[in-house]
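Let me begin by presenting the structure, written as C-alpha cells, before commenting on it.
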Amino acid sequence: MRDKNIIWLYVFLAATIADLTFLIEGNSSLRFYSKPLILLGLILYFYQISKPISTTLLSKSILAALIFSWIGDILLMWPSLFVYGLGSFLMAQICYIIGFKIAQNTILRREEVNFIKSFFYNLPIYIAAALVFYLVNPNLGNLKIPVIAYILVIVSMVATARDRFKKCSPASFWQVFIGAVLFFVSDGIIAISRFFRDFPESGILIMGTYATAQLLIVMGIRSYLVAPK
C-alpha cells in the first residue's frame with residue numbers, strides 16, 4: 001500500500017520541478033498546468049494514507065487545509081482574484097491550526113499553560129510578522145484589513161506548530177514546525193514582492209518554500225499518525 005501511495009508524491013515532485021522550471025524560463029502560460037498539480041499530488045497522497053482515520057477531525061482538518069490551499073493556488077494565478085486567494089489561504093491556516101491542536105499526545109488545560117513563556121518562545125514569529133507588515137503597510141490600500149487578518153491567522157498557525165514541542169514525536173514536531181515557518185516565509189515574500197518591492201528571485205523563493213512547507217507539514221502529520229502512542 002505504501003508503494004502504491006507514493007506515486008502521488010512523485011506527482012507532487014514532478015509538478016514542483018516543472019513549475020520552478022517554468023518560473024525560471026518565464027513561461028507563465030504553462031504554469032496554469034503545473035501549479036495546480038503540486039497540491040493535487042499531496043491531497044491525493046494524504047487522502048490515501050489517512051483513509052483509516054478518514055472520519056476523524058484530524059484527517060478532515062488537514063485535508064481541508066490542503067484543499068483550501070489548492071484553491072488558493074489557482075485563484076492567485078489571476079492578480080485580480082488576489083483577495084479571494086487570500087481568503088482561501090486564510091481558511092487553510094485555520095484548518096491547519098485545528099489539525100495541529102489535535103495532533104498532540106498531550107493537550108494541556110488552560111490553567112496549565114504558561115502564557116508568558118509561550119509568548120517569549122513565539123516572540124521571533126511576532127517580530128517577523130510585524131516587520132513584514134511595517135514594510136507593506138503603506139501600499140496595502142483597501143486590502144489592509146484582509147492582510148492584517150491573514151497575518152494574525154498565519155502567525156497563530158506557526159505558533160500552534162511551535163507549541164507542539166514535546167507533545168508529539170520529535171520527527172512530527174520538527175517537520176510540522178519547519179513546514180509552518182517556511183509557509184510563513186513564502187507568504188512574507190509574496191507580501192513584500194507585491195506590496196513593497198519585487199525582485200527577480202521572488203517567484204522561485206515563493207514556490208520553493210511553499211512546496212517544501214506543504215510537503216513537510218503532510219509528512220509531519222504522517223509521522224504523528226505512525227508514531228507509537
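Bear in mind that the values here come from a model prediction, so they are computed numbers and not experimental data.
- The distance between the ring centers of W70 and F89 does not fall below 6.0 angstrom.
- For F199, the CZ atom counts as densely surrounded, since its 6.0 Å shell holds more than 12 non-hydrogen atoms of other residues, nucleotides or ligands.
- Within the 4.5 Å cutoff, side-chain heavy atoms of N27 are placed close to those of S29.
- No side-chain heavy atom of L216 sits under 4.5 Å from any side-chain heavy atom of F177.
- Applying the 6.0 Å contact sphere to OH of Y10 captures no more than 12 heavy atoms from other residues, nucleotides or ligands.
- Counting heavy atoms from C-beta outward, M219 and Y45 have side chains that approach closer than 4.5 Å.
- Residues I145 and I148 fall into different hydrophobic clusters, defined by Ile, Leu, Val, Met, Phe, Trp and Tyr side chains chained together at heavy-atom separations under 4.5 Å.
- The distance from atom CD1 of I189 to atom CG of L205, rounded to the nearest 0.5 Å, is 4.5 Å.
- Scanning both residues, G99 and L58, for their nearest heavy atoms gives O-CD1, 3.5 Å.
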Can you check side-chain contact (heavy atoms from CB on, under 4.5 Å) on I204 and I24, steps first, answer last? CA-CA 7 Å; I204 298 293; I24 294 172; 3.4 Å; yes

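- Residues Q104 and C168 form no side-chain contact, since every pair of their non-hydrogen atoms from C-beta on lies 4.5 Å or further apart.
- Residue L86 comes nearest to V147 through the heavy atom pair CD2-N, 4.1 Å, listed as atom of the first residue, atom of the second, then distance.
- In this structure, a donor-acceptor pair under 3.5 Å is present between the side chains of Q214 and S69.
- Looking at every heavy atom in both residues, Q175 comes nearest to G220 through OE1-CA, 3.3 Å.
- Follow the hydrophobic side-chain contacts under 4.5 Å out from Y33 and you never reach L40; the two are in separate clusters.
- Here the CZ-OG distance, from F165 to S118, works out to 13.0 Å after rounding to the nearest 0.5 Å.
- Across all their heavy atoms, L42 and L215 have their closest contact at CD1-N, 3.7 Å.
- Residues Q93 and F183 are in side-chain contact: their nearest non-hydrogen atoms beyond the backbone lie under 4.5 Å apart.
- Pairing each heavy atom of S88 with each of L75, the nearest pair is CB-CD1, 4.4 Å.
- The backbone N or O of D73 sits less than 3.5 Å from a side-chain atom of K35, completing a donor-acceptor pair.
- Once rounded to the nearest 0.5 Å, the distance linking OH of Y47 with CG of N5 reads 11.5 Å.
- In this structure, the side chain of T212 engages the main chain of G208 through a donor-acceptor pair within 3.5 Å.
- Using a 4.5 Å heavy-atom threshold, the side chains of I221 and S172 count as separate.
- The side-chain heavy atoms of F46 and I62, taken from C-beta on, include a pair separated by under 4.5 Å.
- D187 and Y150 share a donor-acceptor pair across their side chains, judged by distance under 3.5 Å alone.
- Annotation: the span from M207 atom CE to S186 atom OG amounts to 7.5 Å, rounded to 0.5 Å.
- Looking only at side-chain heavy atoms (C-beta outward), F12 and L39 stay at 4.5 Å or farther from each other.
- Nearest heavy atoms, Y224 versus N105: CE1-OD1, 3.3 Å.
- L123 CG: more than 12 foreign heavy atoms inside a 6.0 Å radius.
- Under a 3.5 Å cut-off, the side chain of T16 and the backbone N or O of I38 do not form any donor-acceptor pair.
- Residues I74 and L30 fall into different hydrophobic clusters, defined by Ile, Leu, Val, Met, Phe, Trp and Tyr side chains chained together at heavy-atom separations under 4.5 Å.
- Using modelled atom types, no side-chain atom of S59 and backbone atom of T56 make a donor-acceptor pair closer than 3.5 Å.
- With rounding to the nearest 0.5 angstrom, the CG atom of L225 is 6.5 Å from the CD1 atom of I49.
- Residues F22 and V11 are members of separate hydrophobic clusters, defined by side-chain heavy-atom contacts under 4.5 angstrom among Ile, Leu, Val, Met, Phe, Trp and Tyr.
- Within the structure, no pair that satisfies the salt bridge (Lys or Arg N to Asp or Glu O under 4.0 Å) test touches residues 147-164, not counting sequence neighbours.
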Please determine whether side-chain contact (heavy atoms from CB on, under 4.5 Å) holds for the pair L76 and Y84, giving the CA-CA distance in whole Å, both sets of side-chain angles, and the decisive distance to 0.1 Å. CA-CA 8 Å; L76 289 183; Y84 300 104; over 6 Å; no

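- Interatomic distance, R194 CZ to I206 CD1, rounded to the nearest 0.5 Å: 10.5 Å.
- Sorted by first and then second residue, the pairs that involve residues 22-34 and meet salt bridge (Lys or Arg N to Asp or Glu O under 4.0 Å), not counting sequence neighbours, are D19-R31.
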side-chain contact (heavy atoms from CB on, under 4.5 Å) for F68 and C95? Distances and angles first, verdict last. CA-CA 9 Å; F68 276 120; C95 291; 4.1 Å; yes

Would you mind writing out the side-chain donor-acceptor pairs for residues 124-144 within the sub-3.5 Å range, not counting sequence neighbours?
unit_1 : atom_1 : unit_2 : atom_2 : d
N137   : OD1    : K144   : NZ     : 3.1
N139   : ND2    : F195   : O      : 2.6

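- M157 and Y121 fall into different hydrophobic clusters, where Ile, Leu, Val, Met, Phe, Trp and Tyr side chains are chained together by heavy-atom contacts under 4.5 Å.
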Go through the steps for K167 and F173 under the test side-chain contact (heavy atoms from CB on, under 4.5 Å), then give the verdict. CA-CA 8 Å; K167 299 175 186 176; F173 168 76; over 6 Å; no

